[in-house]
Every structure is written in C-alpha cells, then in structure tokens.
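Working notes for the structure below.
Residue numbering restarts at 1 for every chain, and letters A, B, ... go by the order of the sequence lines. This one's a predicted model, so the numbers in the text were calculated from it and none came from an experiment.
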Amino acid sequence: MLEFFLPVIQSALCSAGVNTDKPIRLEQPSDKKFGDFSTNIALLAAKECRRNPRELAQEIIAHLAFPPDTVARIDVAGAGFINFYLTPLFIMQSVEHVLLEGDEYGKGNIGRGKTAIVEYVSANPTGPLTIGRGRGGVLGDCIANLFETQGYEVTREYYFNDAGRQMQILGESVRLRYLECCGRETDFPATHYQGEYIREIAEEMFRDHGAELAESTEIQIFKKTAEEIIFKSIRKTLERLGIRHDSFFNEHRLYIEEDNKPSANNEVISALASSNLISKYDGATWFLTTKLGQEKDKVLIKSSGEPSYRLPDIAYHITKFERGYDMIVNVFGADHIDEYPDVLEALKILGYDTERIKIAINQFVTTTVDGQTLKMSTRKGNADLLDDLIDDVGADATRLFFIMRGKDSHLNFDIELAKKQSKENPVFYLQYAHARICSLLRMAQQETGFNASGRAAEYQLLQQLSSPAEVQLGFALLDYPDMIKTSLRLLEPQKMVEYLHSLAELFHRFYQECPILKAEPEVCRARLFLSLATRQVLRNGFRILGVSAPESM
RNA sequence: GUGCCCGUAGCUCAAUGGAUAGAGCAUCAGCCUUCUAAGCUGAGGGUUACUGGUUCGAGUCCAGUCGGGCGCACCA
C-alpha cells in the first residue's frame with residue numbers, strides 16, 4: 001500500500017510547492033473513523049513553511065491525484081492530519097493479487113542481487129543448548145527468513161571455537177568422570193562442568209575403550225570426543241526447530257599462518273598498530289580504546305601469548321567484509337552486549353563500512369513453571385535444556401513463544417501455558433485459523449465441488465463483497481507486504497506474530513458473521529476466495545516464523 | 001560504582017513523536033438443531049514507576065530519582 005500512496009502524495013507536495021525533507025509517513029490510525037490511512041506530513045511541513053497546518057493540508061489534498069474508484073474520501077482532521085478512506089471495491093480488487101501471487105505474495109526485491117550473512121547461535125560446543133540460546137537461534141532464523149523474502153541471498157553462519165580454555169576444562173571434566181567410570185575416586189572441581197551430559201559422554205567412552213585411557217593424563221581424546229558428541233547434539237536440537245546453518249566458521253582459521261602470510265589475527269594487530277592504537281604493557285598487547293573515549297583499554301593478546309576473544313572477533317568480522325557481504329547481521333544475547341562496540345570501533349578504524357552491520361540483541365529468557373522462576377547456568381549443570389523444552393511443548397510453541405515478545409523485553413516463558421492445548425495458548429489461536437480454513441475448503445469441495453486451483457478468471461467475484469467484516473479482513477491482507485518490511489527494518493519478527501494474530505482474529509470474525517457455504521453460489525465463491533487469500537497469507541507468514549500450518553486440528 | 005535493557009490494566013505483553021494508550025489471559029454477561037465453540041459479541045478494569053524538561057503534540061525524546069534483569073576478566 002505504501003507503493004500506492006507515496007508517489008501520489010509526493011507529487012502532490014511538489015505541485016503544491018511544498019519543500020520538505022521530512023519523510024512521508026503513512027500510518028494506520030487506531031480508530032477507523034480517522035480513515036484507513038493517515039499522514040501527518042502537513043503537520044511536519046507546516047513548521048518548515050511557517051504555515052497553518054490545516055490550510056496546508058487542504059492545499060495538498062487539492063493536488064492529490066489518485067486513480068478513480070480507489071480512494072473514496074480524503075479529510076483533513078485534528079491538527080492537520082490527512083486521512084484517506086479506501087473504497088471497498090479497491091480493497092477487494094487488490095485482494096486478487098494475494099491469490100495471483102500465492103507463495104510469492106509479500107515478497108519484495110530490495111535485496112535482489114545482494115548478499116547477507118546472518119550469524120546466530122554460535123555456541124561453543126561445551127554443552128547442550130540452553131533455552132536462552134534457543135531464543136537467539138529462533139530470532140536469527142526468522143531474521144534470515146525475512147531477508148530472504150526481500151531477495152537477499154542469505155548465508156546462515158555459526159561461529160564457534162573448539163580451542164580455548166573452556167574446551168580444556170570440558171575435556172578435563174570428561175576425563176574425571178571417565179576415571180569414575182573406571183572405579184577411581186576423583187576430586188571433581190566446582191569450576192568444572194557439572195552436567196549430567198558429561199557423565200553420559202564419559203560412560204560412552206568407557207563402553208568404547210574400557211579402562212585403557214585411564215593411565216594417560218592426555219585430555220585431547222576426551223576433549224575431541226566430547227566436542228563431537230556435543231556438536232552433534234546441538235545440531236540435532238537446532239534441526240528439531242528447523243534451524244539449519246549453511247556455514248560453520250571455526251575461530252581456529254584466524255590463527256593459521258600459511259605461505260609466510262601472517263594470521264588474520266596478526267594482520268589486525270599490525271593494522272591497528274599503524275594507527276597507533278596498539279601498545280604492550282603488563283605483558284599483554286592492548287587495544288588503546290581509551291584513546292577512543294572508552295574507560296579502559298582492552299586486551300587483544302594475553303600475556304600467555306594467546307589472543308583474547310576480542311582479537312579473533314575483529315578478524316572474523318573482517319572476513320565477512322572480505323567475503324563480500326552487503327549486509328552483515330549479528331544476533332546474540334544480552335550477555336555479549338559489551339563486546340560489539342569494540343569490534344565496530346576497530347572495523348571503523350580499519351576502514352570498513354560498519355553501516356552494513358546490523359546487531360540484534362535479545363534479552364534473556366526466564367522460564368516459569370507453576371509461577372516459579374528457574375535459573376540456569378551451563379557450568380552448574382542445572383540449565384534448562386532447549387531439548388527438554390521442545391519435548392515438553394513442541395517445536396511450534398517453542399519457536400513462537402521465543403519471538404512473540406519484542407527482543408528487548410525480558411521474555412517470560414510460561415511452560416504451562418505453552419503446553420496448553422487451548423485458546424489461552426496463542427500458538428493454537430493462530431494455527432486454528434489456518435486449520436479452520438482448510439476444513440472449510442474441504443467441505444466446499446465435498447458439497448459444491450469447489451476447487452481452488454484454476455479459477456483466476458473468477459477472482460473478480462471478490463469485488464461484490466462489501467460488509468465490514470469482509471472488507472476489514474481484505475484490508476488486513478493487503479498489509480502483509482508492508483508488515484514484512486517493518487519486521488525486517490526493526491529486525492523484529494514479533495511484529496509479524498502480532499500481525500498474524502490480528503489477521504486470525506479478523507478471519508474468525510468474518511467466519512462468524514458471514515455464512516460461506518450457505519450463501520448464494522457467487523457470494524459463496526467470493527467468500528471462499530477471501531478465505532483462500534487469508535490462508536495464503538497465514539501460510540506465508542508461518543513460513544517466515546518457521547511455524548507449521550496444520551490442515552486440521 | 002558503571003554500561004546496556006526493562007518498568008504500561010490483576011497477569012503476560014503491544015503502541016515507526018500523533019488523535020479517546022490497545023490486545024490476550026483472568027473476571028462478569030450473552031452466542032452452537034446451521035461451514036471446527038481450540039470460535040464470536042459485549043462489559044468492567046489505567047495518574048503509562050516518580051519528578052522535571054524539550055514542542056503544536058510525550059508511554060515514546062532529554063535530565064534526574066526509585067525499582068528489576070544482564071554485563072563490567074589477560075573466560076567466550
């Protein structure tokens with residue numbers, strides 16, 4: 001709809017001699033009495049032109065040239081809003097596009113010929129995925145889907161590290177549990193991984209090797225085996241949620257020197273050094289962020305000679321630029337919030353266009369069971385496992401609950417609610433609308449031989465629908481393409497969830513108020529087409545969210 | 001102490017600086033001999049934590065106060 005309105009308004013502003021660099025914003029008033037769409041451009045421009053907003057609005061209106069039979073009425077209201085009222089005919093005509101475009105409806109082309117990389121999950125293989133990680137996983141997956149709708153070629157990447165200290169501790173943890181399997185006493189440190197999965201890995205190793213590994217203090221085999229098993233479980237868990245990465249990037253690559261070329265990490269150090277932002281003191285190599293207005297310098301290479309996580313992080317992002325991505329999206333949890341400003345700062349200094357980087361940070365998840373809040377920590381082993389949650393509530397509810405709140409809000413995941421097979425559970429409300437339409441169409445086929453395909457010539461029957469429930473539903477269907485763009489711009493799939501919820505609601509109302517199969521044959525078919533269009537938008541939306549569209553419930 | 005996020009109906013949450021702050025759940029009152037009642041209609045429920053400021057207009061932006069969450073490592 002934006003594409004319909006904006007050019008007309010723009011040219012009216014020109015003809016009226018209004019010069020403003022304020023963007024024209026079109027909004028849907030909360031109250032229909034203020035029109036289907038509304039713009040405040042006259043209010044904004046009036047200030048710059050030093051004119052009375054209402055008079056200016058009147059003048060703009062006089063220059064608006066919409067095609068005939070599209071806009072029924074244009075009013076000036078309130079302080080100087082311009083309100084537009086569409087004709088039911090135009091709305092219902094537009095619904096035909098939903099049916100004609102089908103699965104393609106809502107897609108755009110602003111990303112055509114462009115590439116995007118979306119990095120998400122990126123958990124190191126130290127343990128099974130927790131519920132907290134799940135939120136970022138689903139958020140990232142939906143964001144990747146949103147980019148794809150606009151024509152971007154999207155790479156879904158998982159960044160991980162299987163070296164480092166935490167992995168050492170993991171290997172050591174498994175080794176100690178293994179020794180226990182061999183019947184030895186161990187003094188298991190509190191700093192090690194306490195989780196049950198460590199025992200399971202140890203038991204598996206004991207089954208495969210017997211006690212033959214007990215004498216060695218070499219932990220490599222324990223680490224390696226643990227890593228493999230854990231990674232497999234992580235991928236399996238993600239797969240259950242429909243999350244599949246195209247690319248797994250091992251941080252290790254950034255450490256490798258070959259053909260006398262310095263490692264990616266070292267190249268970062270050299271580059272920053274030539275900007276005089278590197279200094280060595282206290283045995284470590286520092287990024288002089290105090291020169292950039294920060295409180296403290298940041299360690300890039302520890303006194304042990306190993307890089308801290310920041311250095312490879314910078315090098316990693318450089319690879320994203322070098323790989324040529326037009327859009328670079330990072331999804332991570334609030335615990336990493338202090339990390340990215342340094343990375344961005346470094347990239348900017350090194351001459352990369354950080355405008356291309358978008359960051360989506362999701363706040364944490366607390367889970368409640370019977371009103372009790374559960375706390376979690378991977379190391380303490382009392383984590384809420386994502387797998388358990390999926391077992392409990394199913395993949396659809398898991399996905400939808402993670403994104404049905406804004407990513408900035410602390411999510412309260414009510415497990416009891418997600419389990420309920422009743423109307424209190426929003427998952428069912430959405431899916432029920434889809435199933436209801438499928439049922440209706442099955443019935444229509446049985447009773448009247450109605451077949452959805454090959455009827456494009458009849459789509460214009462939609463134009464005879466004019467009751468409020470029908471027109472409001474039709475109108476909502478037309479919002480879908482703009483809704484995708486909004487969700488994408490804000491990196492916020494939650495907008496889509498809300499939209500689909502309101503769409504389901506409008507359908508239920510239409511269904512309640514307008515008899516379909518019992519109507520006159522032509523009205524019946526028109527209403528079936530409207531239902532079909534609704535089903536199409538629900539499906540397209542569900543696909544973005546990764547939620548299934550059941551044919552019956 | 002400091003950086004980021006949050007504070008909106010009893011509960012969970014919406015509201016690109018716009019008009020009378022909206023949904024769902026819960027509560028109450030209605031709607032199934034008729035296409036899935038997992039649905040629909042209606043009612044009640046608010047000093048948007050507090051105090052100032054910016055402007056035609058503030059839940060939204062700014063400053064401060066109070067509460068809650070997450071970080072603040074030569075862990076990642």
Considering only distance and modelled atom types, tabulate donor-acceptor pairs under 3.5 Å from the side chains of residues 518-530 of chain A, sequence neighbours left out.
residue, atom, partner, partner atom, Å
A:Arg525, NE, A:Glu458, OE1, 3.0
A:Arg527, NE, A:Glu470, OE2, 2.7
A:Arg527, NH1, A:Pro515, O, 2.6
A:Arg527, NH2, A:Glu470, OE2, 3.1

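For RNA chain B, the neighbouring residues in residues 396-406 of chain A, judged by any heavy atom under 4.0 Å, are A:Arg405, A:Gly406. Within residues 474-483 of chain A, no residue places a heavy atom under 4.0 Å from RNA chain B.
Nucleic acid contact for A:Arg25: base, since at least one base atom lies under 4.0 Å from a heavy atom of the residue. Residue contacts for A:Met553: at a heavy-atom cut-off of 4.0 Å it reaches a base atom on one of the strands shown. Nucleic acid contact for A:Cys514: base, since at least one base atom lies under 4.0 Å from a heavy atom of the residue.
Residues satisfying the side chain to side chain donor-acceptor pair (under 3.5 Å) test with A:Tyr480, not counting sequence neighbours, are none.
Using a 4.5 Å heavy-atom threshold, the side chains of A:Tyr309 and A:Glu339 count as touching.
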Once each nucleotide of nucleotides 71-76 of chain B is scored for protein heavy atoms under 4.0 Å, what B/S/- sequence comes out, 5' to 3'? BSSBBB
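A salt bridge does not link A:Glu306 with A:Arg165: none of the charged nitrogens is closer than 4.0 Å to a carboxylate oxygen. Salt bridge status for A:Lys224 with A:Glu227: present, with a side-chain N to carboxylate O gap under 4.0 Å.
Closest to the side chain of A:Arg436, out of B:C35, B:U12, B:G39, is B:G39.
Where pairing requires Watson-Crick or G-U contacts shorter than 3.5 Å, the helical stems of RNA chain B with at least three consecutive pairs are B:1-7 with B:66-72, B:10-13 with B:22-25, B:27-31 with B:39-43, B:49-53 with B:61-65.
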